[in-house]
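Every number for a ligand or one of its atoms is a count from 1 in the order of the listing.
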Amino acid sequence: MNKVSVLCSALLLSLSLSVSAEPIVIKFSHVVANSTPKGKAADFFAKRADELTKGKVKVEVYPNSSLYKDKEEMEALQIGAVQMLAPSLAKFGPLGVKEFEAFDFPFIFDDYADLHKVTQGPIGASLLAKLEPKGIKGLSFWDNGFKSFSANTPIKSPADLRGKKMRIQSSKVLDEQMRSVGALPQVMAFSEVYQALSTGVVDGTENPISNLYTQKMHEVQKNLTLTNHGYLGYAVIVNKKFWDELPADVRGKLEQAMKEATVYANKIAQEENDNALAEVKKSGKTAVYVPSKEERMAFKKAMAPVHTKMADRVGGDLLKSIYKETGFDPSKL
Ligand code: LMR
């Protein structure tokens, strides 16, 4: 081909691209309701992506496991059936990235400020980088909140969990956390929890209140204890090949949309959980118990051995670097 014909075909190609400029579609699948911190942040991202790219990118959000359940969505992302997810940090073990389970250690974070020292600093960045060999690019961390225990019997002390079948996410650290108080952990997809609670397949669970409320779990759990014993948040992830192949200007706009969505997600998380708690109380279906300082300490002490027992699961050095950021010291309990 001579220079002129190369130029002509390049011109023709760019002409046909601009004529048939179909939007780039990003399928964003998640498992929670629209009206949760993650649901709202996903919708916010979709809106900003549309605005910033001037319609070049259309983000289709599929909430509430309408497309895929927990385990399937990870597989769907890897094969490119969807492009974006925001799984809970407790769900990366099956993918082979066990380090994310560091977020599941009981009582490791006191509050969001503690947490952000990790998610928004070098530790967070190095965790996201661990996804790349799996064909996944980690874009950001989004908050949900701190988990509380629910069951059909009062939970005021660790002994109250003994022998209870408790639904957990697919994390070995959470498995050990439940075993540390004599409970029987059962891994189950989020979409199946309500049914399992209502039929007695499991006795109880742990959740941030926004998840409990939007899945109506409070209607089938008579007791909720505000233990705030552990954290649940998300990593927003994309199919790496898809992301890398986006035109650079589009990718830049999406990065900006993600930055804004992250600020938004982290701003609304606490408020959404507070509102959900108010609704749960208003429903009158669940007795909400606030443990005393001493009662909460009893859970903390009972679960402290999880830190030594499971350190190797995530890597002792990683765990220590998190302690350094947050000031948590399990040996002082
Ligand atoms: C759960 O399975 O309990 C949560 O990970 C659901 C979610 O995405 O918040």
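There is no side-chain donor-acceptor pair under 3.5 Å between N144 and E272. Between the side chains of N273 and Y213, not a single donor N or O lies within less than 3.5 Å of an accepting N or O. Between Q270 and D274, the side chains place a donor N or O and an acceptor N or O closer than 3.5 Å (distance only, hydrogens not considered).
In this pair, Y231 and F103 present their aromatic rings tilted. The plane angle is within the 30 to 60° band.
A centroid separation of less than 6.0 Å is found between the aromatic rings of F328 and H307.
F100 and F146 fall within the same hydrophobic cluster, defined by Ile, Leu, Val, Met, Phe, Trp and Tyr side-chain heavy atoms under 4.5 Å apart, directly or through other members.
Near ligand 1, heavy-atom contacts under 4.0 Å come from V31, V32, K38, S88, K91, R167, Q169, F190, N207, N211, L232, Y234.
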